[in-house]
*Asks:* 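Quick one: this structure, given as structure tokens, is what I'll be asking you about.
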There are 2 protein chains.
Amino acid sequence: MTSDSRVAESGASLHRIGQIYRTFIKQVDEPLRQVGLAVGQLPVLVTLKNAGASSQAELARVAQVEQPSMAQLLNRMERDGLIERVPDPADGRSRLVSLTGQATRRLPAGKAVMDSLAVKALEGFSREERDVLQDLLSRIQANLERVSKG
Amino acid sequence: MTSDSRVAESGASLHRIGQIYRTFIKQVDEPLRQVGLAVGQLPVLVTLKNAGASSQAELARVAQVEQPSMAQLLNRMERDGLIERVPDPADGRSRLVSLTGQATRRLPAGKAVMDSLAVKALEGFSREERDVLQDLLSRIQANLERVSKG
DNA sequence: GTAATATAGATAGGAGGCTATGTAATGACA
DNA sequence: TGTCATTACATAGCCTCCTATCTATATTAC
């Protein structure tokens, strides 16, 4: 195998990953909006549901986005009545973010939308194939994260 | 295996795909900017290089983005002196997009940046593992595209 | 106790994606 | 030939991500 064809294959896989990502988002966006939620909101809602009230920094860390991205997302969610922010009594710089009742009520339907499409995406995959996929993706992610440090 | 754990695994894979996509973009963005290019521009540049002057619709089709996304991308590229648009003599509605000399000169370095990271991302993968990955990803994509039609 | 540093968040500005909708040219057909 | 659907593109408005930078509060070191 030539070095050129190795490059071509690598590029193809990464390109396909980008396409899958965008297709998934596109598919899930409309049914989620019908439930009154948006794609980026789910990790925040799930985290708040599981961990209780959290700081913006903690939410950004869990969702693996930068702080300003989380700040904007929380702004939209506050505007839409999904979250509340109250001053943290223990730290004057921080505000604790918590779910509203409305968000709590919408969350199950939102999770159902995500899970349903995730299952459809892996239709026809054996247990072993799912494991292999997880392993390969984990290794790609580890490789990419190693690049940013090393 | 329970249905719950199958859902959890599916969600995990798709979530990881999103993370890989964003990590890849993040890694490639800065070296590309140093070359004077941006991530979304590469497919357009490569297509124009290979196929010659093309219409906006054709470029959108190849890059698999919607027409307004391509229109905005081309606006930025025109602003930055990477492409030119000239009226299509054969169709008064259309303009033919072509590379400038500057873009042609920058393209090889841009491709090198992308290829280099793509190779690093798949470091430690055997030939067979790359094939398996391609197969699994193709099947996911086919599943997702089937959802949008069926 | 005050000066320097670190941390939490806010804001500005831009890339790149989407849907919905408008406009102008083409093409097909009664 | 004149109308009408289709096609190519433009525009508006929004979401989600980013970097760079600013403010305000904590914390640490002297």
Side-chain angles (χ1 to χ4, degrees), chain A residues 18-34 36-44 53-61 63-80 82-83 85-97 148, chain B residues 15 18-34 36-45 53-61 63-80 82-83 85-97 148:
Chain A
Q19 288 177 341
I20 290 173
Y21 173 76
R22 282 192 290 125
T23 306
F24 189 85
I25 298 295
K26 213 167 158 181
Q27 301 276 6
V28 104
D29 186 67
E30 193 255 338
L32 265 189
R33 275 206 321 244
Q34 296 223 331
L37 298 175
V39 184
Q41 299 172 350
L42 265 294
V44 174
S54 310
S55 71
Q56 183 186 104
E58 173 68 8
L59 291 170
R61 198 188 58 74
Q64 297 201 259
V65 298
E66 302 300 318
Q67 172 263 322
S69 304
M70 183 54 66
Q72 283 197 326
L73 177 58
L74 293 178
N75 284 344
R76 291 190 297 267
M77 292 176 74
E78 189 175 36
R79 176 202 64 192
D80 296 344
L82 296 173
I83 58 156
R85 286 151 146 170
V86 299
D88 183 344
D91 188 333
R93 297 165 299 179
S94 188
R95 289 195 286 169
L96 290 175
V97 179
S148 56
Chain B
H15 187 234
Q19 287 178 342
I20 289 173
Y21 174 75
R22 282 192 290 124
T23 305
F24 189 85
I25 297 295
K26 215 167 157 179
Q27 303 275 7
V28 104
D29 186 65
E30 194 254 339
L32 265 190
R33 275 204 322 244
Q34 297 223 330
L37 298 175
V39 184
Q41 300 172 350
L42 265 295
V44 173
L45 297 178
S54 311
S55 71
Q56 185 186 101
E58 173 68 8
L59 291 170
R61 197 189 59 74
Q64 297 205 260
V65 300
E66 301 299 319
Q67 171 264 321
S69 304
M70 183 53 67
Q72 282 201 325
L73 177 58
L74 293 178
N75 284 343
R76 290 191 296 268
M77 292 176 73
E78 189 175 37
R79 176 201 64 194
D80 296 344
L82 296 173
I83 58 156
R85 285 152 147 169
V86 299
D88 183 344
D91 188 333
R93 297 165 299 179
S94 188
R95 287 194 288 168
L96 289 175
V97 180
S148 56

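As a basis for the values below, the full set of heavy atoms in this structure was taken, side chains included, without hydrogen atoms, waters or symmetry mates. Naming: A, B, ... by sequence-line order, numbering from 1 per chain.
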*Asks:* Toward the 5' end of DNA chain D, which comes first, A:Val65 or A:Arg93, by nearest nucleotide?
*Replies:* A:Val65

*Asks:* Would you mind reading off the distance between B:Met77 atom CE and C:dG16 atom P, rounded to a whole angstrom?
*Replies:* 9 Å

*Asks:* Search all heavy atoms of A:Ala53 against all heavy atoms of A:Leu96 and return the closest pair with its distance.
*Replies:* CB-CB, 4.3 Å

*Asks:* Starting from P on C:dG14, measure out to CD on B:Gln41 and report it in whole angstrom.
*Replies:* 15 Å

*Asks:* Only counting residues at least two apart or in another chain, list the ones meeting side-chain contact (heavy atoms from CB on, under 4.5 Å) with A:Ala57.
*Replies:* A:Ser55

*Asks:* Nearest 0.5 Å, please: how far is OH in B:Tyr21 from NZ in B:Lys26?
*Replies:* 14.0 Å

*Asks:* What is the distance, rounded to the nearest whole Å, between atom CD of A:Glu30 and atom P of C:dG17?
*Replies:* 21 Å

*Asks:* According to a strict under-4.0 Å criterion, is A:Arg85 in side-chain N/O contact with OP1 or OP2 of C:dA10?
*Replies:* yes

*Asks:* Check every strand shown and say whether A:Arg95 touches a base, only sugar-phosphate, or nothing at a heavy-atom separation below 4.0 Å.
*Replies:* sugar-phosphate

*Asks:* Send over the distance from B:Met70 CE to C:dA15 C1', rounded to a whole Å.
*Replies:* 14 Å

*Asks:* In whole angstrom, give the distance that lies between atom CD of A:Glu78 and atom P of C:dT11.
*Replies:* 11 Å

*Asks:* Can you work out whether A:Ala57 or B:Ala90 has the more 5'-proximal nearest nucleotide on DNA chain C?
*Replies:* A:Ala57

*Asks:* Round to the nearest Å and state the distance from B:Leu74 atom CG to C:dG16 atom P.
*Replies:* 11 Å

*Asks:* For A:Glu30, check side-chain contact (heavy atoms from CB on, under 4.5 Å) against everything at least two apart and list the hits.
*Replies:* A:Arg33, A:Gln34

*Asks:* What is the distance from CG of A:Asn75 to P of C:dA10, rounded to the nearest Å?
*Replies:* 7 Å

*Asks:* Is B:Gln72 touching bases, backbone alone, or none of the nucleic acid, heavy atoms closer than 4.0 Å?
*Replies:* base

*Asks:* Rounded to the nearest 0.5 Å, what separates atom CD1 in A:Ile25 from atom CZ in A:Arg22?
*Replies:* 11.0 Å

*Asks:* Is B:Asp91 touching bases, backbone alone, or none of the nucleic acid, heavy atoms closer than 4.0 Å?
*Replies:* sugar-phosphate

*Asks:* Going 5' to 3' along DNA chain D, which are the first and last nucleotides with any atom under 4.0 Å from a heavy atom of chain B?
*Replies:* D:dT7 to D:dT19

*Asks:* Calculate, to the nearest 0.5 Å, the distance between atoms CG and CG belonging to A:Leu32 and A:Leu42 respectively.
*Replies:* 5.5 Å

*Asks:* Nucleotides 19-23 of chain C: which of its N/O atoms have a protein N/O under 3.5 Å away?
*Replies:*
none

*Asks:* Under the salt bridge (Lys or Arg N to Asp or Glu O under 4.0 Å) test, which residues partner A:Arg93, sequence neighbours left out?
*Replies:* A:Asp91

*Asks:* Taking the minimum atom-to-atom distance to the side chain of A:Arg22, which one of C:dA15, C:dC18, C:dG9 wins?
*Replies:* C:dC18

*Asks:* For residues 69-77 of chain A, which side-chain donor-acceptor pairs fall under 3.5 Å, sequence neighbours excluded?
*Replies:*
| unit_1 | atom_1 | unit_2 | atom_2 | d |
| --- | --- | --- | --- | --- |
| A:Asn75 | OD1 | A:Arg85 | NH1 | 2.9 |
| A:Asn75 | OD1 | A:Arg85 | NH2 | 3.3 |
| A:Asn75 | ND2 | A:Ala71 | O | 3.4 |

*Asks:* Only one of A:Val86, A:Ile83, A:Asp88 forms a side chain to side chain contact (heavy atoms under 4.5 Å, CB included) with A:Val97, so which one is it?
*Replies:* A:Ile83

*Asks:* Closer than 4.0 Å, any side-chain N/O of B:Arg76 to the OP1 or OP2 of C:dG16?
*Replies:* yes

*Asks:* Write down the distance between CG (B:Asp80) and C1' (C:dG14), rounded to a whole number of angstrom.
*Replies:* 11 Å

*Asks:* Between B:Arg79 and B:Gln64, which is nearer to the 5' end of DNA chain C once each is assigned its nearest nucleotide?
*Replies:* B:Arg79

*Asks:* Say you draw a straight line from CD of B:Gln67 to CD of B:Gln56; how long is it, rounded to the nearest 0.5 Å?
*Replies:* 5.0 Å

